[in-house]
Amino acid sequence: MMPPPPLPRLALLLAALALAAAVQPPPPPPDASRLAHRAADLGARVFREVVRRSPDRNVVFSPHGVASALTLLQAAAAGETRRQLEAALAFDLSEKWVPRALRWLQKALTDPGNQDLVGMADALFVQRDLPLTPGFLPRFYQVFRQMVKQVDFTESERARHIINDWVQQHTEGMIQDFLQEGTLDEMTRLVLVNAVHFKGRWRTPFPEAATRQRLFHKLDGSSVSVPMMEQTGKFCYGEFSTPDQVEYDVLELPYHGETLSMFIVAPFENAPLSALTAALDARLVAGWKSSLLCATRLLVLPKFTLETECDLREPLQALGLGAMFDAQSADFSRLSDRESLFVAQALQKVKIDVNESGTEAASATAAVIYARMAPLELVMDKPFLFVVQHNPTGAILFMGQVMEP
């Protein structure tokens, strides 16, 4: 008996850079905030899995990008595969409130009236002769307002260049050569991509003339000289502790529209950064802002540029999303019932640049305020976390750890 032919692959490929808004929009409807919170919570859990595998290196990650791509994937999934995606995302696309909340959230984040530059796009690149399930395309467009793009994966290099050009275009050139040579082959049937570009200016820029070399102290006890920005101004700042009594500081840096903020999170004294990432989730982040107090301080923050490529297969499997990667049990019959499809790869590439003018970039644990004397100087000269949050909805757009600028 001849062995069965290899199953086609459904390649889940993520390119996410984050998003923002800058003018004060009307208050979001409860459904949009609920959706943003659930997506942020999933993204934070994936981030924890990513940094657990890379505890000593710089990481920049887009929780929103992962949640967006998995939401697209849910539209094609059925059976146990869909059940796992629904459980991970904590929402079901067939619920009436979900498509409405998705559209509202995307509109709020990418409104042309925003003061910061934001671009976000999703795309499905489908094998042009793949027989799709009747009704899939209209349902997909109704939910996501996106058209499916047809390519020929039998010409894998040409298809790779088409997708890479799309990613480069929708990230303003920040993400180039997203898919490496050999990523696609003739067995590929579908590539899902989420691309987001964000460029925001600080509400109060750092003066370039004040930037100078300072020592940054690494976890291994060594130090490196790096360019540090500094400014004196009014900053919102708080002191917290995890349930395990690891004390840490949180500082908010708002962008000029004040809809988006970057939170700098640093452990107090010599506590390991992993103690903070283990506690990071959407509820914790949401609780920071309401607990911060504002005062005039000198802030010293390193300039940094990070670029990370993540293979998300193991982190997603660790969170109970194993069915979609199983060639025998994956079920994407809502997309096509003519071929057996499965996810072969889950990839994300993210880049962020933080400098004097702002940021460009193509996570339930209770927070307890810890009272101690607020410092007159806030010097971020040791490893720290950062979180970029859309304040009206609580959507977590970026997360990262800086081990060495």
Side-chain angles (χ1 to χ4, degrees), residues 33 36-38 40-52 55 58-61 63 202-203 216-217 219 233-255 258-302 304 354 359 363-403:
S33 293
H37 180 87
R38 293 179 183 182
D41 198 61
L42 171 62
R45 285 185 282 131
V46 180
F47 174 74
R48 293 201 301 265
E49 290 294 326
V50 170
V51 298
R52 188 171 66 84
N58 293 333
V59 174
V60 56
F61 180 78
W202 300 126
R203 184 181 65 187
F216 185 90
H217 307 289
L219 290 183
K234 194 169 186 178
F235 298 101
C236 293
Y237 167 84
E239 299 160 354
F240 302 85
S241 67
T242 70
D244 294 332
Q245 301 305 306
V246 176
E247 301 163 10
Y248 64 97
D249 303 326
V250 176
L251 172 79
E252 180 183 11
L253 280 175
Y255 294 95
E258 299 194 42
T259 303
L260 197 77
S261 295
M262 175 179 282
F263 294 93
I264 305 295
V265 188
F268 183 57
E269 294 183 341
N270 296 317
L273 204 59
S274 58
L276 301 187
T277 58
L280 200 60
D281 62 20
R283 184 180 300 178
L284 178 63
V285 174
W288 287 337
K289 191 171 177 63
S290 61
S291 301
L292 302 182
L293 299 176
C294 298
T296 300
R297 295 289 182 266
L298 169 66
L299 172 63
V300 179
L301 180 70
F304 61 92
V354 175
T359 301
S363 165
T365 303
V368 180
I369 296 178
Y370 180 81
R372 71 171 188 265
M373 184 176 295
L376 298 178
E377 295 186 355
L378 303 171
V379 182
M380 300 301 169
D381 61 354
K382 59 182 183 296
F384 59 89
L385 302 175
F386 63 89
V387 176
V388 177
Q389 177 180 254
H390 181 245
N391 295 321
T393 62
I396 297 178
L397 314 173
F398 271 160
M399 284 181 169
Q401 64 179 21
V402 179
M403 310 304 289

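This one's a predicted model, so the numbers in the text were calculated from it and none came from an experiment. Position 1 is the first residue of the sequence, and the numbers go up from there.
For the pair R45 and L42, the minimum side-chain heavy-atom distance is below 4.5 Å. You'll find the side chain of V300 stays beyond 4.5 Å of the side chain of D381, heavy atoms only. In this structure, F386 and V354 have side chains that are not in contact, with every pair of non-hydrogen atoms separated by 4.5 Å or more. Inter-residue side-chain proximity for S261 and Q389 is flagged as unmet; no heavy-atom pair is nearer than 4.5 Å. For the pair P267 and L273, the minimum side-chain heavy-atom distance is below 4.5 Å.
The two residues P63 and G43 come nearest to each other via the heavy atoms CB-CA, 3.5 Å. Nearest heavy atom pair, residue T277 against residue R48, reads O-CD, 2.8 Å. Between K234 and R203 the shortest heavy-atom distance is O-NH2, 4.0 Å. A pairwise comparison of heavy atoms in L280 and V285 identifies CD1-CG2, 4.0 Å as the closest pair. Across all their heavy atoms, Q401 and L385 have their closest contact at CB-CD2, 3.6 Å. Nearest heavy-atom pair, A266 versus M380, reported as atom, atom and distance to 0.1 Å: CB-SD, 4.0 Å.
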Check your understanding: Yes or no on side chain to side chain contact (heavy atoms under 4.5 Å, CB included) for N58 and F304, after CA distance, side-chain angles and deciding distance?
Key -> CA-CA 10 Å; N58 293 333; F304 61 92; over 6 Å; no
Practice item. Could you go through the side chain to side chain contact (heavy atoms under 4.5 Å, CB included) check for L301 and L253 one step at a time? Key: CA-CA 11 Å; L301 180 70; L253 280 175; 3.8 Å; yes
Point to revise | side chain to side chain contact (heavy atoms under 4.5 Å, CB included) between M262 and F398, intermediate numbers included | key: CA-CA 9 Å; M262 175 179 282; F398 271 160; 5.8 Å; no
Practice item. Might you work through the side chain to side chain contact (heavy atoms under 4.5 Å, CB included) test for V246 and F268, ending with a clear yes or no? Key: CA-CA 8 Å; V246 176; F268 183 57; over 6 Å; no
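Evaluated for a side-chain contact (heavy atoms from CB on, under 4.5 Å) with L276, the options Y248, F384, F240 yield exactly one hit, Y248.
To the nearest 0.5 Å, atoms SG (C236) and CH2 (W288) are separated by 14.5 Å.
The aromatic rings of F61 and F47 sit tilted, their planes meeting at an angle between 30° and 60°.
Side chains of Y255 and T359: a donor on one and an acceptor on the other come within 3.5 Å.
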